[in-house]
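Inspection log for the structure reproduced underneath, given as structure tokens.
This structure is a prediction, so every number in the text was calculated from the model and none was measured.
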Amino acid sequence: MTNFAPIEAETATGRAAELLTQVKASLGLVPNMTKVMANSPTLLTAYLALSGAVGGGVLPTGTRERLAISTAQLNGCEYCLSAHTYIGANIAKVDAGELEAARTGHSHDPHTAALLRLSNEIAENNGDVSRAGLQSARAHGVTDEEIGEVVANIALNVLTNYFNLVADVDNDWPVVSLSAVAAAS
């Protein structure tokens with residue numbers, strides 16, 4: 001059970017109502033996370049702005065979903081792991097094997113694998129990335145623009161991971177268990 005009362009779009013007022021209407025217009029539904037975030041219109045505004053900004057970057061949707069899966073696994077956020085696995089499979093059309101590999105920071109695509117390794121190194125070391133980590137990413141074609149976007153994606157994913165953990169948001173996605181991590185292939 002969530003630690004915050006979800007705010008339903010139909011009964012919301014003020015800025016929360018405006019934001020939830022915006023969520024429904026863009027997604028066609030209002031996920032529990034955004035209903036709970038609506039308790040703080042500032043938080044929901046920040047989430048929507050950052051999400052929109054990273055969505056307009058150079059990293060493809062499928063790559064962003066894999067980054068989100070990897071970060072959710074690292075942070076122990078079952079809600080985000082479930083949401084991004086669903087979105088990755090059903091909207092971004094990422095292969096199930098790739099979604100599973102992303103949980104451990106792997107991909108069969110060398111460029112995507114380099115992005116995932118870099119993201120995990122940044123997240124696991126509080127931003128302290130090694131020179132070798134950057135050189136390895138660049139050797140696999142990762143650009144400075146992509147490196148910047150990896151950091152932006154980490155910020156977005158940590159925001160949602162931490163919020164979902166603090167709020168204990170009820171998972172309204174097909175559940176993907178944190179404990180079911182297979183060895184990377």
Where is the tightest heavy-atom contact between [X] and [Y], given as atom of each residue plus distance?
| X | Y | result |
| --- | --- | --- |
| Leu67 | Ser119 | CD2-CB, 3.6 Å |
| Val30 | Lys35 | O-CE, 3.2 Å |
| Glu149 | Val58 | OE2-N, 2.8 Å |
| Ile154 | Ala123 | CD1-N, 4.3 Å |
| Leu118 | Ala137 | CD2-CB, 4.1 Å |
| Thr61 | Ala92 | CG2-CB, 3.9 Å |

Just by distance, do the side chain of [X] and the backbone of [Y] share a donor-acceptor pair under 3.5 Å?
| X | Y | result |
| --- | --- | --- |
| Ser82 | Glu78 | yes |
| Thr112 | Asp109 | no |
| Asp128 | Asn125 | no |
| Arg117 | His106 | no |
| Asp95 | Gly97 | yes |
| Ser70 | Arg66 | no |
| Thr71 | Ala68 | no |
| Glu65 | Ile87 | no |
| Asp172 | Asn32 | yes |
| Thr104 | Ala101 | yes |

* Asked: Pick one: which of Asn161, Thr160, Asn157 meets side chain to side chain donor-acceptor pair (under 3.5 Å) with Asn75?
  ->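 Passing option: Asn161.
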Give a yes or no on whether [X] and [Y] share a hydrophobic cluster (residues Ile, Leu, Val, Met, Phe, Trp, Tyr; joining criterion: side-chain heavy atoms under 4.5 Å apart).
| X | Y | value |
| --- | --- | --- |
| Ile7 | Leu48 | yes |
| Val158 | Leu59 | yes |
| Val169 | Leu43 | yes |
| Ile91 | Val54 | yes |
| Ile122 | Leu159 | no |

Result block: side-chain N/O donor-acceptor pairs under 3.5 angstrom for residues 9-20, not counting sequence neighbours:
unit_1	atom_1	unit_2	atom_2	d
Thr11	OG1	Glu8	O	3.4
Arg15	NH1	Glu18	OE1	3.0

Atom [atom1] in [X], atom [atom2] in [Y]: separation rounded to 0.5 Å?
| X | Y | atom1 | atom2 | result |
| --- | --- | --- | --- | --- |
| Ser40 | Tyr47 | OG | OH | 14.5 Å |
| Cys77 | Leu165 | SG | CG | 4.5 Å |
| Leu27 | Thr34 | CG | OG1 | 7.5 Å |
| Arg131 | Ser136 | CZ | OG | 14.5 Å |
| Cys80 | Asn164 | SG | CG | 4.5 Å |

* Asked: Could you walk me through whether Asn153 and Val150 pass the side chain to side chain contact (heavy atoms under 4.5 Å, CB included) check?
  -> CA-CA 5 Å; Asn153 276 274; Val150 164; 5.7 Å; no
Using a distance-only test with no angle check, is there a side-chain donor-acceptor pair under 3.5 angstrom linking [X] and [Y]?
| X | Y | answer |
| --- | --- | --- |
| His111 | Glu146 | yes |
| Glu121 | Ser130 | yes |
| Thr2 | Asp168 | no |

* Asked: Given the rule in the side chain to side chain contact (heavy atoms under 4.5 Å, CB included) test, do Asn3 and Val166 qualify, once you have shown the distances and angles that lead to the verdict?
  -> CA-CA 8 Å; Asn3 291 325; Val166 167; 5.8 Å; no
* **Close side-chain approach of Ile69 to Glu100, heavy-atom, < 4.5 Å** => no
* Asked: Is there side-chain contact between Arg138 and Asp144, with heavy atoms separated by less than 4.5 Å?
  ->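 The answer is yes, as the side chains (C-beta and beyond) meet within the 4.5 Å cut-off.
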* Give the ring-plane orientation class for Trp173 versus Tyr79, where under 30° counts as parallel, over 60° as perpendicular and anything between as tilted. =>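 Taking Tyr79 first and then Trp173, their aromatic rings stand perpendicular (interplane angle over 60°).
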